[in-house]
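Computed from a predicted model, the values in this text were never measured in an experiment.
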Amino acid sequence: VVDAAGQRGLDLESQKLQLEVSKLALEVDKLQKDRAELPAWVTGTIAGLLGGLLGTGATVWIARKTRRAELEKAVHDKRLESYPKLVWAGAPLAVYFPSTKESTPVGPEECQRIGELLSRWYFSGGGLLLSIEARNAYFKLARALTRAANSNRLWCPTFPADADNISPERLREYRAVLSRESDLNDVENWRFGADQTETTPAHRFRDYVFLQKLLSQLRSQLAEDLGARRRPS
């Protein structure tokens, strides 16, 4: 698997080869201009050597580009096969039709099950396919689920009773409210199940809003890995 660092290395190698090819091409051009001043056998020998180097450099560059393209396609195909399983693991935190028992909110036990599914997916080979950005998003969610599973309770909606209060638009509103009080990117200091006096939906669902945000970030990064949210070229 080629991660972002590996791909940057290959890109640098390709750029170096391209520069060498360009440099050799300039040398051949200069030689042709100056060939009147050199014996014919010297001109022919040097031109032949430079031509050979040009051909070798171009061949190596093309071979590396081809190999990288084949590897990227293989990784992309494996991601298409594996990533949906990771997305499915977070179904209990879905905005629409969450896979939880009716009238039962997401609690510590559910977070434990989600975390176990994520871990099983990661160590069964899925983790090798993650880009650096997707891996960071994965570990942030996994850590949050671990802490949520160890709490005594969670502030989460109950479906279908609270369905009218849960939508992408509402979640954005709740995040805006909660972000004025807490850092929604700070997993280690988020207080799961903390006592509170506020009764607004943003506060009654605060733990769900936090976990759902992390899950949404992971899904977005998985889609980015697949190029699924890019305009076709």
Inset, instruction - For F123 and L128, run side chain to side chain contact (heavy atoms under 4.5 Å, CB included): C-alpha distance rounded to whole Å, both residues' side-chain angles, the deciding distance at 0.1 Å, then the answer. - result: CA-CA 9 Å; F123 288 105; L128 295 174; over 6 Å; no
Inset, instruction - Please lay out, stage by stage, how L215 and V87 fare under the test side chain to side chain contact (heavy atoms under 4.5 Å, CB included). - result: CA-CA 9 Å; L215 177 62; V87 174; over 6 Å; no
Legend entry - Evaluation steps, side chain to side chain contact (heavy atoms under 4.5 Å, CB included), between T146 and N150: CA-CA 6 Å; T146 299; N150 290 327; 4.0 Å; yes
Legend entry - side chain to side chain contact (heavy atoms under 4.5 Å, CB included) between K78 and K73, intermediate numbers included: CA-CA 9 Å; K78 291 298 292 182; K73 183 181 184 304; over 6 Å; no
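Shown here are the side-chain contact (heavy atoms from CB on, under 4.5 Å) partners of A89, two or more places apart in sequence or in another chain: L117, L118. Annotation: side-chain contact (heavy atoms from CB on, under 4.5 Å) contacts of E109 (sequence neighbours excluded): R113. For D162, the side-chain contact (heavy atoms from CB on, under 4.5 Å) partners are P157, T158, N165, R204, F205, not counting sequence neighbours. Remark: N185 engages K213 in a side chain to side chain donor-acceptor pair (under 3.5 Å) (not counting sequence neighbours). Remark: R143 pairs with E188 by the side chain to side chain donor-acceptor pair (under 3.5 Å) rule, at least two apart or across chains. Applying the salt bridge (charged side-chain N to carboxylate O under 4.0 Å, His left out) criterion to D164, with sequence neighbours excluded, gives no partner residue. Partners of E181 by salt bridge (charged side-chain N to carboxylate O under 4.0 Å, His left out), not counting sequence neighbours: none found. In this structure E198 satisfies the side-chain contact (heavy atoms from CB on, under 4.5 Å) test together with T200, H203, sequence neighbours excluded. Under the side chain to side chain donor-acceptor pair (under 3.5 Å) criterion, D195 pairs with R153, sequence neighbours left out. For W190, the side chain to side chain donor-acceptor pair (under 3.5 Å) criterion is met by D207, not counting sequence neighbours.
For the residue pair E116 and Q112, a side-chain donor N or O sits within less than 3.5 Å of a side-chain acceptor on the partner.
Nearest heavy atoms, V95 versus Y208: CA-OH, 3.6 Å. Residues A134 and L218 approach most closely at O-CD1, 3.7 Å, considering heavy atoms. Smallest separation of non-hydrogen atoms from L211 and A148: CD1-CB, 4.3 Å. The two residues S131 and D225 make their nearest non-hydrogen contact at OG-OD1, 2.8 Å. The nearest pair of heavy atoms linking R79 to L129 is NE-O, 2.7 Å.
Between L86 and L222, the closest side-chain pair of non-hydrogen atoms falls below 4.5 Å. A heavy-atom distance below 4.5 Å is found between the side chains of R206 and S182. A 4.5 Å side-chain heavy-atom check between F210 and L154 finds every atom pair outside the cut-off. With a 4.5 Å cut-off on side-chain heavy atoms, V106 and P98 do not count as touching. Looking at heavy atoms from C-beta onward, L141 lies out of side-chain contact with I114 at the 4.5 angstrom threshold. Under the 4.5 Å side-chain criterion, counting only non-hydrogen atoms from C-beta, W155 is not in contact with V209.
Within the structure, ring-ring contact (aromatic ring centres under 6.0 Å, His included) pairs that include any residue of residues 163-188 do not occur (at least two apart or interchain). Residue pairs meeting the side chain to side chain donor-acceptor pair (under 3.5 Å) criterion with at least one partner in residues 118-129, sequence neighbours excluded, are S82-W121.
In terms of modelled atom types and a separation under 3.5 Å, the side chain of R147 and the main chain of F192 share no donor-acceptor contact.
More than 12 heavy atoms of other residues, nucleotides or ligands lie within 6.0 Å of OH in Y96, so this atom counts as buried by the packing criterion. By the neighbour-count criterion of 12 heavy atoms within 6.0 Å, atom CG of D77 is densely surrounded, having more than that number from other residues, nucleotides or ligands.
Considering CD of Q221 and CZ of R219, their distance stands at 13.0 Å, rounded to 0.5 Å. Going from atom CD of Q217 over to atom CD of E133 covers 13.0 Å, rounded to the nearest 0.5 Å. The CG atom of L93 sits 11.0 Å away from atom OG of S216, with the distance rounded to the nearest 0.5 Å.
Under a hydrophobic clustering in which Ile, Leu, Val, Met, Phe, Trp and Tyr are joined whenever their side-chain heavy atoms come within less than 4.5 Å, directly or via other members, L226 and W88 fall into different clusters.
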